[in-house]
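Proteins come first, then strands; the chains are lettered A, B, ... in the order of their sequence lines, and each starts at number 1. Every value quoted in this text rests on a predicted model; they were computed, and no experiment measured them.
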Amino acid sequence: MEQGGCLSAFIDPGSVESHRYYLARRTTLEMLRDRGYDVPDADLDLSLQAFRSTYGQSPNLEHIRISLPLLSDSSKKILVIFCGTEVVKLAMVRNIFNQIANSQNLNRLILILQNKITAQARQALAICRVKTETFQITDLLVNIMKHFLMPKHELLNLEEKEKLLKKYSVGENQIPRMLETDAVARYYGLEKGQVVKVTSDDDVAESHATYRCVT
Amino acid sequence: MHLKYSARKRAADELKYGHIVERHLEDGDIVLFNRQPSLHRMSIMSHRARVMPWRTLRFNESVCNPYNADFDGDEMNMHVPQTEEARTEALTLMGVQNNLCTPKNGEILVASTQDFITSSFLITRKDTFYDRAAFSLMCSYMGDAMDPVDLPTPALIKPIELWTGKQLFSVLARPHAQMKVFLNLTVLEKNYSKSGETMCPNDGFVYFRNSELICGQLGKATVGNGNKDGLFSVLLRDYNVHAAASCMNRLAKLSARWIGNHGFSIGIDDVQPGELLNQQKKARIDEGYEKCDDLIREHIKGNIELPPGSDSALTLEAEISKVLNNIRETTANVCMKELHWRNSPLIMSQCGSKGSPINISQMIACVGQQSVGGRRAPNGFIDRSLPHFPRKCKTPSAKGFVANSFYSGLTATEFFFHTMGGREGLVDTAVKTADTGYMSRRLIKALEDLSVQYDYTVRNASGGVVQFLYGDDGMDPAKMEGKDGVPLNLERLYMKIRATCPANAHENLSPSEALKKVYERLEKPDISLDGANKFKNSLRDFFEGVTDSLKKTRKFLDLDENNVEKNDPSFLEKIAANVSGISLKQLEVFLDTCIDRYHLKRIEAGAPIGVIGAQSIGEPGTQMTLKTFHFAGVASMNITLGVPRIKEIINGAKNISTPIITAELESKENVTSARIVKGRIEKTVLGEVAKSIKMELTSRQASIVVSLDAERIQALHLSISADSVKRSILQNLKKLKDQHIRTIDGRKIRIFPPETDRNKLHFDLHSLKAMLPKVIVNGISTAERVVISEQKKKYKLLVEGKNLRAVMGTPGVVGCETVSNHITEVEETLGIEAARDRIIYEIQETMKGHGMSIDMRHMMLLADLMTYRGEVLGITRFGIQKMKESVLMLASFEKTADHLFNASFNGRHDNIEGVGGFWFQPPKNTTPRRSTPVNQGNPWQETMTLMSPSLPSGVNYLYGKLVK
């Protein structure tokens, strides 16, 4: 398509595909950092141009994988695998399992999908020894935690949680809930029974906190 | 036994121990007074009875508002509590004096109405003077000759003593010197000229200083309801209920007696237009008609300038409506200007007691455009509204513009159009009452058991926390003084302190000293409560403002900004002190008052805040008119508003009628880039971008050729090529494979039918041809329409449709600032907390659109209730079922038999704790329902077990078993 000179500035010269991968990868890295993984700053600050020059206009999915250790415990690692545009089937999941079979200190796996996942494949993931999460790439184009509507979420540790429950003399099921499938819970990879503190103003002094228990 | 018809003497003789002798109602008895529909708790209040002759109920007009009563045949009910306990409870909880303010938003609800406002307005007019006799008489009107009155010094002494009407209101506010009421307030009345404050030429700036009316003509803003800084509100907040109530009574007595003598009525001469008005009106209407004719001519020629996203006919309608509304408005203005100042309708409209300028202008000048369903009168006949007009006539008079006034009389067609508008109004009200009534019931059922506990959490009957701190600050919405639910109106309080506690001998503080004192006071432990931060910050900000203005004054007077010279007799220092100085004493009094009052404004433990919230949202629903509303800035984009919108939000609807996504752009100031992004989002089908879709039949093969319209594609800034179209066709029509589609020179696509059977080939071709134009070749399939909206040279996109996630991820859109008005969608994309925020925002916006103010805290509670289970639950029978545990509560709502049957079959348990359970099994001890038992947990808790029947043949599916 021919465009006038002034318009060409708004047209992205690179491929749409690489842009999507770039955004998804950046959001994933931010997510991992928020979860407490050791994400190098260089990776986070990577610009689109740099990403394209490193991985090309149509990046190899093997190359853009992410593998990182936890900050607090470097023996626990996470692996992020980008899947292609085809439907994810059982064979492909098996293939992935074979790849990670010998990495002992891997304890979490994230699959980033671009298409549907079959029921069998999902079942296989559920019984895997490594806890697996799946994300659609469309979920990761924008980091929802940076959305202006999003209040600040903080995970309470066990001690804080007990203290909270005691303060209000309530059981876990008597405080407001958050579903395990909630966008925020998925972002942080929260599990049942964990409690998040939600502070609904950026100015912490002004606002009051509420708590939600993941169920 | 009826005393009227029996021998009383004999009955008295036969009285025995144990008989109950009932007496008649006496003066001073406590009664409960109620008017249906009881939409909020002020619909039933307790009064002291006064027995009077005849068979009507009479009451002070000031309580018309809470009951929503008038005297056009209204019926009301009265109940007489029979025990001392009931009487006490009625008086303290339901007494009129304890319900002056509505918990909806803290505005005063019991206040002067109609004639009371009119007479206040007339008495306080400039140039009203009364001699000693008249003034004393009016002073005596105020009471029943029981209270002393101190006459003020007359305003004029020579040639005769004269008092002004304003002085009468100084007497009204503070009748005698022993009364320690120092009223301080400023109110902007409706006719305030927007500048000049006390020097307002219309006398619209009401200023009371130490109970003296300095200036201003009183009107609805001062003595009426719905204002937080009015006379009675201020009396109530600064002094007490008694001060406000007795002042209201004085005004009622004065007004009723005074206006009875003075006389106030309207007659035909009040609505006769003058010569000038008639001329002006004719000129305006002719001018407007001319404009409309021009527009119609332009429309026929087809060169009307179109705003984004609308066609010529729509634009014409919008433009004509604008012109016609303008006619009515300008004639209304002329009308108001031309009327004599003694004209009764004019007086009523000016003071706000009844009627608006539009009502007056409709009587005198021009009734204006009649609308049906937000448009001009529709065509009931072929291409015309009535057979009196030519076909396709779009002139004002053919589409429902009424140029006559009610005085001059409507023509036949005008009259008919007027009934059309009137009918719609009636139908709308009838439909809405049912809708809002059901909505109120559901809200009440969902929120009935929520109450504030001693730890300020809001919990439901089974102890589950819904909010950790009520309203995020634990304040009582009924007691809020400031705008937007702020606890205190600091400015007014500051003014009061400066007036009532003059600095005189005390030394003034320097700005920095004052600020230091404030910070010190704020550090003290008595205001370190949960949620007090907001209040503390507001105090701090306020004082920073005060000291700033002090500094400014001192700079202006060439004084040292930060150091106040002690004992400096110079007049400049005195001026500075007078203008904005503050002494230590004043500061201390101010801070202590603020903090004391703040503490009193905390919500009481045990407050049934759920029900109050439900009523506060349900009651305004009945007053909402108008179904749809235009979107600000963009023509032709309607969003649902009013009752239907509230219903959608509260129901947690999965499908809403007008989902709109507001997308911020990366380059906000560039229209072209906005158009490009619009092209990426808006759904485009092949039919829109194809020049032609033709069948080509040759002897060897049959195919369909689609040729793309390159100019159009470029004009719309779409990124569509033959290849991209091929890809979308392949995705949409699954039976076509790659080999069936061939692209030719980037503009044309040739499609071969996959059908091999020659006999069916033709049908296949036709079905393909029918399907092809509907193939989506670009954009998001759910984005029906995208409009670029411009505000102050900033562009953003309004997407009509769903799929927030896809819009957020579109290149060129700032995903983090993009929102939808669809709550369930926000929940899916951004999680439950964001959804909660949107529920609050959307309800608030809808209410604001109808000029209704409701305290945020009620909306927050509702949103919290709807989200506390982790998903957005609607206030419907399905949602409530997931919110509540109690079977009996659910059974008392809807589907009673189903719930009871299921519960008994499954052997469900019900701890009778909530209000719903009490219906079935009232608690044994008769604690007033409002209070929370002193010990946490319910002492009267009894368990009712719903047993599964041993045999399904049993009739008794439910029976209660009491377990202690």
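Only the backbone of B:Thr829 comes within less than 4.5 Å of a heavy atom in chain A; its side chain stays farther off. Of the two parts of B:Glu828, only the backbone, made up of N, CA, C and O, holds a non-hydrogen atom closer than 4.5 Å to a non-hydrogen atom of chain A. Looking at A:Asn173, neither its backbone nor its side chain comes within 4.5 Å of chain B, counting heavy atoms on both sides. Proximity to chain B (any heavy atom under 4.5 Å) is shown, for A:Met178, by both the backbone and the side chain. Using a 4.5 Å cut-off between heavy atoms, A:Tyr211 touches chain B through backbone and side chain atoms alike.
No donor-acceptor distance shorter than 3.5 angstrom exists from the side chain of B:Glu833 to the backbone of A:Lys152, with no hydrogens or angles considered.
Interatomic distance, A:Leu149 CG to B:Arg838 CZ, rounded to the nearest 0.5 Å: 4.5 Å. Taken from CZ in A:Phe148 to CG in B:Leu830, the straight-line distance is 9.0 Å, to the nearest 0.5 Å. With rounding to the nearest 0.5 Å, the separation of CZ in A:Arg177 from CD1 in B:Ile832 is 12.0 Å. Rounding to the nearest 0.5 Å gives a distance of 4.5 Å between CZ of A:Arg212 and OG1 of B:Thr867. Of the inter-residue distances, the one linking B:Met808 atom CE with A:His147 atom NE2 reads 4.5 Å to the nearest 0.5 angstrom.
Nearest heavy atoms, B:Phe468 versus A:Pro176: CE1-CD, 3.8 Å. Looking at every heavy atom in both residues, A:Ala183 comes nearest to B:Gly831 through CB-N, 3.7 Å.
Counted within 6.0 Å of CZ on B:Arg712, heavy atoms from surrounding residues, nucleotides or ligands total 12 or fewer; the atom is thus considered open. Annotation: A:Glu159, atom CD; neighbour count of heavy atoms from other residues, nucleotides and ligands within 6.0 Å does not exceed 12. No more than 12 heavy-atom neighbours from other residues, nucleotides or ligands sit within 6.0 angstrom of NZ on A:Lys163. Dense packing is recorded around CZ of B:Phe542, with more than 12 heavy atoms of other residues, nucleotides or ligands lying under 6.0 Å away.
Ranked by heavy-atom pairs under 4.5 Å with chain B, the list A:Val214, A:Val170, A:Val198 is led by A:Val198. Counting heavy-atom pairs closer than 4.5 Å to chain B, the top-ranked of the candidates A:Thr181, A:Val184, A:Thr210 is A:Thr210. Highest contact tally toward chain B, considering only A:Ile144, A:Asp182, A:Leu141, is held by A:Asp182 [criterion: heavy-atom pairs under 4.5 Å]. With respect to chain A, the highest number of heavy-atom pairs below 4.5 Å among B:Val677, B:Val826, B:Thr818 belongs to B:Thr818.
A:Val142 places a side-chain heavy atom less than 4.5 Å from the side chain of B:Cys816.
Residue pairs meeting the side-chain hydrogen bond (donor to acceptor under 3.5 Å, both in side chains) criterion with at least one partner in residues 110-128 of chain A, sequence neighbours excluded, are A:Tyr21-A:Gln114. Within the structure, every pair that satisfies the salt bridge (charged side-chain N to carboxylate O under 4.0 Å, His left out) test and touches residues 187-199 of chain A, not counting sequence neighbours, is listed here: A:Arg108-A:Glu191, A:Glu180-A:Lys192.
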>> Could you walk me through whether A:Tyr168 and B:Arg459 satisfy the side chain to side chain contact (heavy atoms under 4.5 Å, CB included) test, starting with their C-alpha distance in whole Å, then the side-chain angles of each, then the deciding distance to 0.1 Å, before giving a yes or no?
In response: CA-CA 11 Å; A:Tyr168 291 103; B:Arg459 303 189 187 212; 3.8 Å; yes
